[in-house]
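Structure first, commentary second.
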Amino acid sequence: MKKEQMISGHIELDQDILLDYQYQVQGASEETLVFIHAHSVDRRMWKPQIEHFASRYSILCYDLRGYGRSSLPLNGQPFLHAEDLRALLGHLNIDAAHLVGLSLGSFVALDFWALYPEHVRSVTVASGAIPDSKPDIPPTLVTDVPRFKQEWFARLLEGCGEDRNGYQDRLWTMITDWKAWQCTHREPDCILGDALLPKLLAMQAPGPVCVVNGAKDFKGAHRSADRLLECVPHAVFVDLPEAGHFSSMETPHEFNAALQAFLERGGDNNDSKSDSTRL
């Protein structure tokens, strides 16, 4: 049996890139949950989930490259978030894990699943799944970062639900701390993008998948989830009617209950989206 312990630190990737993480080992459990955060925030967004699941599972939370306490990317140097995660799991001797991602974190979780299915017990995605293709014309680089953050936050709230627990203050704190490197530099391709869907379609025996939908989320996020459901029709579909883009923060009790139910039944699959679980 593993010893219960809290491991905090970082691993060094290529070219002095540090990936910061917190690994809470639950001695009574042989299963690990890996929580992967969204764009413009960091691993602090998962606090309600850590508090809920830490007594049942080992919990790994980390800051993606370019976010939180992890290093910023090197300008012009390509990398994949999924490969960073592979290095982190290897460093911690985690052979297989349940992946839980939201928005950008969903893209990373699915990339990792497509590349390393043997190291994935299940995948849960929220607020995004199959990413849109990159635009032909890259966006204009941001010069006024404080103004951009205010506008970005306001746009995010348009796809979020009512603030019943103070989540908006916590969200703004993370956005304030965000260095916004991705908006002031030409970000390299760090997700599989258009290469993801063919890899998923080619999988021989895809494992358990849960798709969490916030009913008040952006239409683009709903379309992204629908593309995954078309690709993986056995996926469990969960609709959270009062939640939007940051469902894990907006309605943590409902999100946690849905994730717990999915994990406890071993990812038993619905036949289709029409058989979705509705909370």
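- Under the 30°/60° scheme for interplanar angles, the aromatic rings of His39 and Trp178 are found to stand perpendicular.
- Hydrophobic clustering keeps Leu72 apart from Val108 (ILVMFWY residues linked when any side-chain heavy atoms are closer than 4.5 Å, directly or through intermediates).
- Ring-plane geometry between His185 and Trp181 is classed as parallel, the angle between the planes falling under 30 degrees on a 0 to 90 degree scale with a further cut at 60.
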- Message: Could you walk me through whether Arg43 and Asp20 satisfy the side-chain contact (heavy atoms from CB on, under 4.5 Å) test, starting with their C-alpha distance in whole Å, then the side-chain angles of each, then the deciding distance to 0.1 Å, before giving a yes or no?
- Response: CA-CA 10 Å; Arg43 68 177 186 240; Asp20 200 86; 2.8 Å; yes

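- At least one donor-acceptor pair under 3.5 Å links the side chain of Asp111 to the backbone N or O of Leu192.
- Results of the side chain to side chain contact (heavy atoms under 4.5 Å, CB included) test with Leu110 over Val125, Val232, Leu197 single out Val125 as the only residue that passes.
- Grouping the Ile, Leu, Val, Met, Phe, Trp and Tyr side chains by contacts below 4.5 angstrom, directly or via other members, places Ile50 with Phe246.
- The side-chain heavy atoms of Leu89 and Thr32, taken from C-beta on, include no pair separated by under 4.5 Å.
- Here CD of Glu242 is found 8.5 Å from CD of Glu254. Values are rounded to the nearest 0.5 Å.
- The cluster map of Ile, Leu, Val, Met, Phe, Trp and Tyr, joined by side-chain heavy atoms under 4.5 Å apart, puts Ile36 and Ile17 in the same cluster.
- Ring geometry for Phe35 against Trp46 counts as tilted: the plane angle lies between 30° and 60°, on a 0 to 90° scale.
- Between Glu4 and Val25 there is no side-chain heavy-atom pair separated by less than 4.5 Å.
- Ring pair Phe79/His81 is perpendicular by interplanar angle, where above 60° counts as perpendicular and below 30° as parallel.
- Using a distance-only test at 3.5 Å, with no hydrogens or angles considered, a donor-acceptor pair links the side chain of Ser127 to the main chain of His245.
- Using modelled atom types, one finds a donor on one side chain and an acceptor on the other under 3.5 Å when comparing Asn213 with His222.
- At a cut-off of 3.5 Å, with distance as the only test, no side-chain donor of Gln260 or Tyr57 sits close to an acceptor on the other residue.
- Residues Arg44 and Arg170 fail the side-chain proximity criterion, which asks for heavy atoms closer than 4.5 Å.
- Using cut-offs of 30° and 60° on the angle between ring planes, the pair His91 and Tyr21 is perpendicular.
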